[in-house]
Amino acid sequence: MKALLLAAGYGTRLKPLTNYIPKCLVPINGKPLLEYWLDNLYQEGIKEFLINTHYLSEQVEKYIENSKYKKMVTLVYEKELLFTGGTILKNKDFFGNEEFMVVHADNLCFCNFKEFMHEHKLRPKQCIMTMMIFLTDNPKSCGIVDLDENNVVTRFYEKVQNPPSNLANGAVYIFSNEMLLFLGSFEKDKIDLSTEIIPNLLNKIMTYENNIYLKDIGTLENYSLAQVEILEFI
């Protein structure tokens, strides 16, 4: 399985830190966030990575150039951000006919990735993707899901004022290659996952709950907490 690590965002909620460093490279106990993703996924057998860049791209390029993962990583610079779906579609040749993982690499995550991949293989026939979900303590800031008895997404609430639960989208996905055909049907370059893809795939999204650790470190408060919380995993 190959993986796309989305690393092009501005990280505006982490300013002033991200005035000087891209969000994907902020240090967590001295180790860049992106490196946690590369280490964790490599240990689970993923050996080919695509990383998109935009903001402070030269820093990401320099990091990869000096990384032990250099030969496993393909970097793609986006002059304009294409959003998740657009980035996947633009690089469809990289994925070929295989299933692939897509990660918002500005989150910090520890889980049983082998189990995640196994659950995707056992998904109901109608499902073309599997979404990692988790219990959040701030549901207003997340995409919240309703599930049926088979853990398939039936409704999705993107950052609403009164979310119905705290079961949230973790922004880690496995897609079947059918997703490439689906994205092509939009006939445009920029395709947003939360507002366009997920709402159009209700009842076709399997879920896997990460009950180990997943945190959006996009705020200075969460970033500070992660420095301490991560100690049990390193």
Side-chain angles (χ1 to χ4, degrees), residues 1-44 46-95 100-111 113 132 141 170-173 189-194 213-231 233-234:
M1 183 177 290
K2 299 177 181 179
L4 165 61
L5 305 182
L6 297 162
Y10 290 96
T12 52
R13 294 176 297 155
L14 270 183
K15 288 183 177 292
L17 182 62
T18 46
N19 287 338
Y20 308 99
I21 185 171
K23 186 178 178 182
C24 67
L25 293 183
V26 296
I28 310 290
N29 274 284
K31 179 176 170 178
L33 176 59
L34 186 59
E35 192 167 326
Y36 284 100
W37 280 109
L38 291 167
D39 285 349
N40 291 342
L41 295 179
Y42 178 81
Q43 289 172 10
E44 300 300 342
I46 295 180
K47 304 295 172 62
E48 292 185 68
F49 302 92
L50 181 73
I51 300 176
N52 72 327
T53 66
H54 177 73
Y55 177 64
L56 298 178
S57 60
E58 66 284 353
Q59 291 192 33
V60 183
E61 292 165 6
K62 183 177 180 180
Y63 165 74
I64 293 298
E65 179 66 26
N66 294 296
S67 167
K68 63 184 177 182
Y69 298 107
K70 175 184 175 181
K71 293 183 179 179
M72 304 178 200
V73 172
T74 300
L75 289 170
V76 288
Y77 174 75
E78 293 181 2
K79 187 174 181 180
E80 289 186 82
L81 293 176
L82 300 175
F83 311 124
T84 302
T87 297
I88 294 170
L89 195 58
K90 179 78 171 180
N91 297 282
K92 61 182 180 180
D93 290 344
F94 174 82
F95 304 112
F100 55 96
M101 190 178 297
V102 175
V103 169
H104 285 246
D106 52 4
N107 292 329
L108 182 59
C109 171
F110 293 91
C111 80
F113 285 100
M132 186 180 292
S141 70
V172 184
Y173 314 93
D189 296 330
K190 298 180 180 181
I191 310 168
D192 184 79
L193 187 77
S194 296
Y213 187 85
L214 197 154
K215 182 179 286 291
D216 171 11
I217 65 159
T219 66
L220 290 171
E221 179 184 9
N222 279 1
Y223 175 66
S224 298
L225 284 170
Q227 309 293 330
V228 179
E229 293 173 341
I230 199 176
L231 292 176
F233 302 106
I234 59 176

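Numbers for residues simply follow the sequence, beginning at 1.
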Task: Gap separating the CG atom of Leu108 from the CG atom of Leu33, nearest 0.5 angstrom - done: 6.0 Å
Open item on the list: So, taking the atom named CE in Met101 and the one named CD1 in Ile46, what distance separates them when rounded to the nearest 0.5 Å?
Closed with: 4.0 Å
Only distances under 3.5 Å count here; give the side-chain donor-acceptor pairs of residues 68-77 to other protein atoms, sequence neighbours excluded, each with its distance to 0.1 Å.
{"from": "Tyr69", "atom 1": "OH", "to": "Asp39", "atom 2": "OD1", "distance (Å)": "2.5"}
{"from": "Lys70", "atom 1": "NZ", "to": "Glu65", "atom 2": "OE2", "distance (Å)": "2.7"}

Task: With Tyr213 via side-chain hydrogen bond (donor to acceptor under 3.5 Å, both in side chains) - residues at least two apart - done: Glu229
TODO: Find out whether Leu17 and Val26 are in side-chain contact, i.e. whether some heavy atom of one side chain is under 4.5 Å from a heavy atom of the other.
DONE: yes
- [ ] Please identify each residue that fulfils side chain to side chain contact (heavy atoms under 4.5 Å, CB included) with Gln227, with sequence neighbours left out.
- [x] Ile28, Asn29, Tyr223
Task: Heavy atoms from other residues, nucleotides or ligands near CZ of Phe94 exceed 12 (cutoff 6.0 Å) - done: yes
Task: Residues which pass ring pair (Phe, Tyr, Trp, His ring centres under 6.0 Å) with His54, listed by chain and number, not counting sequence neighbours - done: Tyr10
- [ ] Compare every heavy atom of Val60 with every heavy atom of Cys24, then report the nearest pair and how far apart it is.
- [x] SG-CG2, 3.8 Å
- [ ] Applying side chain to side chain contact (heavy atoms under 4.5 Å, CB included), name anything that partners Glu80, two or more places apart in sequence or on another chain.
- [x] Lys190
Task: Check: Asn107 main-chain N/O paired with Trp37 side-chain donor or acceptor under 3.5 Å - done: yes
Task: Taking every non-hydrogen atom, the tightest pair across Ile217 and Asn222 - done: CA-CB, 4.0 Å
- [ ] Only counting residues at least two apart or in another chain, list the ones meeting side chain to side chain contact (heavy atoms under 4.5 Å, CB included) with Ser141.
- [x] Asn138
Open item on the list: Looking at Lys62, I'd like to know if its NZ atom is crowded, meaning that more than 12 non-hydrogen atoms belonging to other residues, nucleotides or ligands lie closer than 6.0 Å.
Closed with: no
Open item on the list: Looking at Ala7, is its backbone amide N or carbonyl O close enough to the side chain of Asn52 to form a donor-acceptor pair, meaning the two atoms are under 3.5 Å apart?
Closed with: yes
Task: For Phe113, ring pair (Phe, Tyr, Trp, His ring centres under 6.0 Å) partners two or more places apart - done: none
Task: Residue pair Leu81, Tyr55: steps toward the side chain to side chain contact (heavy atoms under 4.5 Å, CB included) verdict - done: CA-CA 10 Å; Leu81 293 176; Tyr55 177 64; over 6 Å; no
TODO: Could you tell me which non-hydrogen atom of Gly218 sits nearest to which non-hydrogen atom of Lys23, and how far apart they are?
DONE: CA-NZ, 3.2 Å
Task: Approximate separation, where rounding is to 0.5 Å, of Asp189 CG and Thr87 OG1 - done: 10.5 Å
Open item on the list: Measuring from atom CD1 of Ile51 to atom CD1 of Ile64, what distance do you get when rounded to the nearest 0.5 angstrom?
Closed with: 4.0 Å
Task: Partner set under side chain to side chain contact (heavy atoms under 4.5 Å, CB included) for Lys90, not counting sequence neighbours - done: Leu82
- [ ] Using a 4.5 Å cut-off on heavy atoms from C-beta on, say whether the side chain of Phe100 contacts that of Leu50.
- [x] no
Task: Mutual orientation of the aromatic rings belonging to Phe110 and Tyr36 [parallel < 30°, tilted 30-60°, perpendicular > 60°] - done: perpendicular
Open item on the list: Checking Phe83 now: which residues fulfil ring pair (Phe, Tyr, Trp, His ring centres under 6.0 Å) with it, not counting sequence neighbours?
Closed with: none
Open item on the list: Less than 6.0 angstrom from the centroid, inside 45 degrees of the normal: does Lys47 satisfy that with respect to the ring of Tyr42?
Closed with: yes
Open item on the list: I'd like to know whether Leu14 forms a side chain to side chain contact (heavy atoms under 4.5 Å, CB included) with Leu220, so could you lay out the CA-CA distance, the side-chain angles of the two residues, the decisive distance to 0.1 Å, and finally the verdict.
Closed with: CA-CA 6 Å; Leu14 270 183; Leu220 290 171; 3.7 Å; yes
Task: Distance in Å, Leu89 CG paired with Thr84 OG1, rounded so as to fall on 0.5 Å steps - done: 12.5 Å
- [ ] Kindly indicate whether the side chain of Tyr63, heavy atoms from C-beta on, has any atom under 4.5 Å from the side chain of Glu35.
- [x] yes
Open item on the list: Lys15: which residues meet the salt bridge (charged side-chain N to carboxylate O under 4.0 Å, His left out) condition with it, sequence neighbours left out?
Closed with: none
Task: Smallest separation among heavy atoms of Gly11 and Thr18, with atom names - done: O-OG1, 2.7 Å
Task: Asp216 with Arg13: basic N within carboxylate O range, under 4.0 Å - done: yes
Task: Shortest non-hydrogen separation from Leu34 to Ala105 and the atoms involved - done: CD1-CB, 4.1 Å
Open item on the list: Using the salt bridge (charged side-chain N to carboxylate O under 4.0 Å, His left out) criterion, which residues pair with Glu58? Sequence neighbours excluded.
Closed with: none
Open item on the list: Which heavy atom of Leu214 sits nearest to which heavy atom of Gly170, and what is that distance?
Closed with: CD1-O, 3.8 Å
Task: His104 vs Tyr173, side chain to side chain contact (heavy atoms under 4.5 Å, CB included): CA-CA, chis, key distance, verdict - done: CA-CA 9 Å; His104 285 246; Tyr173 314 93; 4.1 Å; yes
TODO: For Glu44, check salt bridge (charged side-chain N to carboxylate O under 4.0 Å, His left out) against everything at least two apart and list the hits.
DONE: Lys114
Task: Spacing of Thr12 atom OG1 and Asn19 atom CG [to the nearest 0.5 Å] - done: 10.5 Å
